[in-house]
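Please read the structure below before turning to the comments.
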Amino acid sequence: MNKLIDNFGREISYLRVSITDRCNYRCIYCQSEKKFEFIPHQEILRFEEIVEIVQEAANLGIAKVRITGGEPLVRKGVVDFIRKLREIKKLEDISLTTNGFFLSEYAGKLKAAGLNRVNISLDSLQEEKYKRITRGGSLEKALKGIDSALKAGLLPIKINTVLIRGINDDEVEDFVRLTLGRPLNIRFIEFMPSGEELKNNYKDKFISVQEIKEELIKKYLLNPIKISTANGPAKYFHIKGGEGTIGFITALSQHFCKTCNRIRLTSEGKLRPCLFSNKEVDIKQAIRNAKTDDKIIRSEIIRNNIGEAISIKPEGHKLNNKFSNRDFFKMSKIGG
Ligand code: SAM
């Protein structure tokens, strides 16, 4: 098995692929309320191009792929796309991150096509608040989506909860209780500097997961555990008698750059080795400029571009919760 090793000795085995910048929600921490300028369709990578890139990435040592967006389930043909990815023998794990809206319709089909598991974003368990955070989303649909994913066996299911002070930090215990009766893995995620609405008072809205954990420890006995698919940034805990787990992702307060094993492929076809760095490699342009169907030439171009992206992966980011406005980035464009 080949290995992709970067300049700092890290093995890069995980590719996060954004298949669209479009989303049916406009979460306050992710998108602007104003009309969104979407990337023109012809600039979005075609599914065949993505499969070709992932195939080469897998040959080089990528073992896990996560499909994200925008909202990946708004893109037509997503089930067939997953089926094609599944044909890539070297891929061990294919997962997808979704807001859950379309999951009751898609969970069974995605599982049958070869998807292993899903992460579902859920930032409130209160209908009105959920609507406010997602700007019009349906909590009912998200909860039904979770039920469907459980039924379809898209396991383990991870629930992503971005904590924002004064908005949903009062619901932490409600989320924790979700893990008691069902095999759900709740991950509390630190709010990163993206989204227009919260731009001006980011520092007030940021809450470290350490603070959340300290509060929880006063009431619950949190036993550290390892879960099989978790070699990512989250640290997991289990409450005695509970069926699920609780995880904490400290993207900003404690960087996990030292163990970062991932690169991203944006929906417009750029390889981005670090979420927080603007350095990108334009793999789409490289393939399209080649103007050839010759498999060997295309394969070499893709390999070279992946190699270049790995070579410019920074050692780490220096960001913390003391951001200036220029540090804000468009998560929906890059793919969370
Ligand atoms: N539409 C899908 C969804 O809602 O899960 C996938 C795309 S979304 C950009 C992927 C993940 O990024 C979500 O779990 C979301 O909560 C997270 N995310 C987006 N903006 C964020 C921010 N500013 N801070 C932390 N997490 C963020």
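Numbering of ligands and ligand atoms starts at 1, following listing order. Remember, predicted model here, so these are calculated numbers, not experimental data. What you see below is based on every heavy atom in this structure, not just the backbone, and it leaves out hydrogens, waters and symmetry mates.
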*Hey, does G70 sit under 4.0 Å from ligand 1 if you only count heavy atoms?*
yes

Across all chains, not counting sequence neighbours, the salt bridge (Lys or Arg N to Asp or Glu O under 4.0 Å) partners of E127 are none

Return yes or no for this condition: an N or O of D123 is under 3.5 Å from an N or O of ligand 1. no

Worksheet item: Taking atom types as modelled, is there a side-chain donor on T97 or R66 under 3.5 Å from an acceptor on the other?
Response: yes

Counting heavy atoms under 4.0 Å, the part of T68 that contacts ligand 1 is side chain

Ligand 1 atoms nearer than 4.0 angstrom to some heavy atom of N160 are 14 (O)

Counting heavy atoms under 4.0 Å, the part of T97 that contacts ligand 1 is both

Ligand 1 to V162, heavy atom cutoff 4.0 Å, flagged ligand atoms 16 (O), 25 (C), 26 (N), 27 (C)

### Query
Between F237 and F248, is the ring centre distance below 6.0 Å?
yes

Salt bridge (Lys or Arg N to Asp or Glu O under 4.0 Å) filter on R10, not counting sequence neighbours, yields D6

For the residue pair Y202 and F191, is the inter-centroid distance of their aromatic rings smaller than 6.0 Å?
yes

Q) Is the F81 to F47 ring centre distance short of 6.0 Å? A) yes

At under 4.0 Å between heavy atoms, what of I120 touches ligand 1? The answer is neither

Q.
Below 3.5 Å, N or O to N or O, backbone or side chain included: is there any such pair between I189 and ligand 1?
A. no

